[in-house]
Amino acid sequence: MEKYSTLNPPQYEAVIHTTGPLLLLAGAGSGKTRVLTHRVAYLIEEKKVFPWKIMAITFTNKAAKEMRERVDKLIGIRGSDVWVSTFHSSCVKILRRYINEIGYDRTFSIYDTDDAKRLIREIMKAYNIDPKYYKESAVLSEISGAKNKLIGVDTYRREAQGDMRKETISRIFVEYQKRLRNYNALDFDDLLVKTVELFELSPKTLEYYQKLFEYIMVDEYQDTNGVQFRLISLLAAKHRNLCVVGDDDQSIYRFRGADIRNILDFESVYPDAKVIKLEQNYRSTKNILSAANEVIRNNRKRKVKKLWTDNDEGELVSHIVNINEKEEAGFIADTINKGISDGRDYCDFAILYRTNAQSRVLEEKMFREGIPYKLIGGVSFYQRKEIKDILAYLKIINNGTDSIAVKRIINVPRRGIGNTTVEKIQEYSDLYGISFLDGVFDATEIPNIKRGRKNVLEFAKMINEFREIAISGSLEGLMNEVLDKTEYIKTLELENTPEANDRIDNIKELSSKMIDYEEQAKEEATLLGFLEEVALIGGIDDLNDDDNKVILMTLHSAKGLEFPVIFMAGMEDGLFPSYMSINSGLNEDIEEERRLCYVGITRAKEKLYLTSARQRMLYGNTQYNQTTRFLAEIPKELLDSDTINYTPIQENTGAIQAKRDNKFFSNKPYTVTKAISQAIPAPANVTLDYIAGDLVKHSKYGIGQVKMIEAGGADYQVTVNFPSHGIKKLLASFAGLKRV
DNA sequence: AGAGTGCAGCAACTT
DNA sequence: GCTGCACTCT
């Protein structure tokens with residue numbers, strides 16, 4: 001078969017080994033996606049397996065989509081019948097069909113972390129538990145941790161005995177599960193846990209899926225947790241054609257319950273497992289790969305392996321020390337601009353960092369320099385208040401028992417239903433054992449409600465109208481009705497602030513996403529389907545490979561991706577590795593950070609820049625951190641210097657200069673010339689009615705004199721001397737300066 | 001009874 | 001720097 005002849009021997013072996021358990025240890029950049037897609041093609045074409053008998057679990061929806069496309073390319077349209085999806089999506093698909101067998105309704109809501117926290121808060125309030133001693137986030141992560149290990153409420157309670165803190169948490173845990181069930185809701189962990197429960201309680205359901213999935217493949221196996229392991233074990237128990245692919249060196253989700261033992265112990269769980277190692281890297285230069293190998297070899301708990309490559313030596317790895325995080329961003333922007341003038345595309349670059357908090361400064365700099373960029377993760381679109389509000393309205397149309405959603409929006413926008421009224425409804429609902437929303441519908445019966453009654457009844461009427469439209473009309477029509485009747489957008493329009501306008505834009509975007517969904521899914525489009533898609537969408541799922549933009553994201557999000565040029569920003573002890581991991585004193589914690597570092601390094605194909613700052617403003621205070629310990633693990637000969645001190649001097653001209661301050665390598669000066677910042681065309685969208693020397697007025701700082709105006713790609717930076725506040729640098733589009 | 005406002009507490013990584 | 005919450009005002 002010609003299409004398989006391009007595979008190297010171990011890759012080929014992995015493709016044709018289709019029967020029985022297979023552990024594929026695939027190093028970074030070793031072509032595992034190629035193996036997986038060819039393996040699917042081989043099963044269908046050569047082994048005549050029906051496509052729908054193959055299940056492939058990926059880590060993100062994006063990976064699932066890519067895999068399906070690549071299989072389609074190999075064998076044509078039949079590929080689309082293969083079951084390719086993430087753990088969570090797979091479970092939702094199964095539960096939507098069979099969850100009634102374990103006492104939930106098929107219209108169940110999916111709770112994200114924010115919803116779950118609200119529920120915890122609600123319970124702690126009802127139980128008078130002091131949030132000072134029991135932080136909701138800590139309680140939630142304890143509960144989540146238990147679930148990921150398949151520890152149920154009963155076991156947890158038993159094991160908590162004698163431990164005050166755990167006993168309290170176990171009380172919350174019990175009530176949390178009880179309320180989730182009453183609200184007909186599942187949190188992220190429950191999606192997996194309840195599927196396992198379903199399989200264990202309903203043998204015929206399990207058998208159905210066991211028969212269906214003759215061949216199972218799991219990607220990123222090193223990041224599976226206890227529930228996921230159980231789930232896969234159950235599904236694969238009949239045919240045992242289980243192929244897991246992973247790299248223990250890239251296990252970076254321990255905090256989420258990932259258990260590295262799943263991959264390390266695979267051979268003892270499946271003694272007949274075939275083990276194949278993919279150790280040839282096709283992605284990176286020799287220098288980059290060596291740096292990665294040298295860092296990761298400091299970890300003790302790992303399978304022995306050594307990645308190698310036939311690729312060129314390539315450039316040395318650069319480490320740049322900056323004065324502070326702003327200069328770090330400046331260096332990165334300058335280097336990107338230089339790359340662009342050397343013929344690179346923006347999409348050749350990715351900036352990786354440890355914490356989302358670092359993104360702001362970087363983003364600002366990209367914006368100012370006119371560098372097109374895309375920020376992945378952070379506060380995602382679907383976590384925004386206005387989006388969650390609208391989604392809450394949609395949720396309760398399907399599932400009125402979802403009291404978290406009902407209480408979220410009963411008075412949003414303000415409609416005169418205050419706390420007191422809400423409490424009265426709650427008391428009444430509890431008394432009669434009905435859901436909160438049913439209490440709302442009964443508002444005429446509830447004693448002691450005064451001013452709010454009329455408003456509550458109007459709210460109830462509105463929800464009923466939505467439900468009628470949901471039955472007969474289109475999703476688009478429903479959305480318009482919700483936006484119109486709730487007056488959500490109208491309320492924002494009245495605020496007339498930039499933030500409110502942003503929110504309106506976001507809601508419009510949500511609306512068009514819904515229309516897109518409806519058009520794509522055609523007759524199959526349902527409200528439930530839309531809500532489901534929205535609930536499970538992940539940060540990098542909307543990363544579009546066709547966009548010519550610099551990508552900004554966390555190291556975690558970068559897993560599985562590759563770029564010609566990588567910047568790893570914030571290479572400082574305390575930031576990376578994080579404080580938490582250093583303070584815990586556990587070597588495992590540092591090892592996890594080191595794996596994260598390894599993941600970052602191995603994303604780079606041609607050039608790797610490591611940047612750090614001597615001084616960094618984070619969470620409102622200034623830190624002075626040492627360069628990360630991981631840097632010392634990279635041998636000197638792989639670095640193009642010990643340190644390059646990047647010191648842009650901003651004089652009155654605003655020129656940016658780089659100066660090398662290095663006694664070892666002073667023969668190779670690193671310079672970024674002023675020409676780069678001037679090569680950018682003047683901003684197109686902003687016009688200024690003042691020039692240097694003019695007096696301008698600022699809303700906060702009062703009147704000052706313009707000292708300098710610098711052009712960025714998309715905006716002007718204006719330096720103004722305010723007698724009362726000193727010299728300020730402002731962005732023209734934000735500052736709203738008026739000539740006086 | 002609800003709305004508006006000042007203030008404390010918090011702040012990894014993510015499906 | 002942002003968010004939920006207690007407190008005061010209408």
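Protein chains get the first letters and strands the later ones, always in sequence-line order, with residue 1 at the start of each. These numbers come from the heavy atoms of this one structure, side chains and all, not from hydrogens, waters or symmetry mates.
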From CG of A:Asp223 over to P of B:dC13, roughly how many Å is that when rounded to an integer? 16 Å
Please tell me which of the listed nucleotides, B:dA12, B:dT15, C:dC2, lies nearest to the side chain of A:Thr355? B:dA12
Can you measure A:Gln623 atom CD to B:dA12 atom P for me and round it to whole angstrom units? 12 Å
Quick one: A:Leu352 CG to B:dC13 P, roughly how many Å, whole number? 14 Å
Using a 3.5 Å distance criterion without hydrogens, assess whether the side chain of A:Glu175 forms a donor-acceptor pair with backbone atoms of A:Ile172. no
Whole-Å distance separating the CD atom of A:Glu592 from the P atom of B:dT14: 13 Å
Salt bridge (Lys or Arg N to Asp or Glu O under 4.0 Å) with A:Asp189: which residues, sequence neighbours excluded? none
Report the residue (A:Ser578 or A:Gln383) whose heavy-atom-nearest nucleotide on DNA chain B is the more 5′ of the two. A:Ser578
A:Lys147/A:Gln177 under side chain to side chain donor-acceptor pair (under 3.5 Å): CA gap, chis, key distance, verdict: CA-CA 11 Å; A:Lys147 287 183 177 184; A:Gln177 288 309 119; 2.7 Å; yes
Check every strand shown and say whether A:Ser557 touches a base, only sugar-phosphate, or nothing at a heavy-atom separation below 4.0 Å. sugar-phosphate
Return the value, rounded to whole Å, for the distance between atom OH of A:Tyr253 and atom P of B:dA12. 16 Å
Per atom distances to the A:Ser137 side chain, the nearest of C:dC2, B:dT15, B:dA11 is B:dA11
Integer-rounded Å distance: B:dC13 P and A:Phe59 CZ: 15 Å
Could you run down nucleotides 2-10 of chain B 5' to 3' and tag each one B, S or - for protein heavy-atom contact under 4.0 Å? SSS-----S
For B:dT15, does either OP1 or OP2 sit under 4.0 Å from a side-chain N or O belonging to A:Thr113? no
Which class fits the ring pair A:Phe213 and A:Trp83: parallel under 30°, tilted 30 to 60°, perpendicular over 60°? perpendicular
Whichever of A:Leu536 and A:Ser581 has its nearest DNA chain B nucleotide further upstream toward 5': A:Ser581
So if I take every side-chain heavy atom of A:His556 and compare against B:dC13, C:dG1, B:dT15, which nucleotide ends up nearest? B:dC13
Taking the six-membered ring for Trp, does A:Phe255 stack with B:dC13 (centroid gap under 5.5 Å, planes within less than 30°)? yes
Protein-nucleotide distance (A:Ile57, atom CD1; B:dT15, atom P), rounded to Å: 16 Å
Which of parallel (below 30°), tilted (30 to 60°) and perpendicular (above 60°) describes A:Tyr253 and A:Phe255? tilted
Identify which nucleotide among B:dT14, C:dC5, B:dA12 has an atom closest to any side-chain atom of A:Glu593, counting heavy atoms from C-beta outward. B:dA12
For residues A:Phe59 and A:His88, establish whether the separation of their ring centroids is below 6.0 Å. no
NA contact type, A:Asn356, heavy-atom cut-off 4.0 Å: base, sugar-phosphate, or nothing? sugar-phosphate
Within 45 degrees of the ring normal and closer than 6.0 Å to the centroid, is that where the cationic atom of A:Lys513 sits relative to A:Tyr382? no
Over-ring placement of A:Arg595 relative to A:Tyr598, 6.0 Å and 45° cut-offs: no
Among B:dA12, B:dT14, B:dT15, which is the nearest nucleotide to the side chain of A:Thr86? B:dT15
Nearest whole angstrom, please: distance from the P of B:dC13 to the CD of A:Glu591. 22 Å
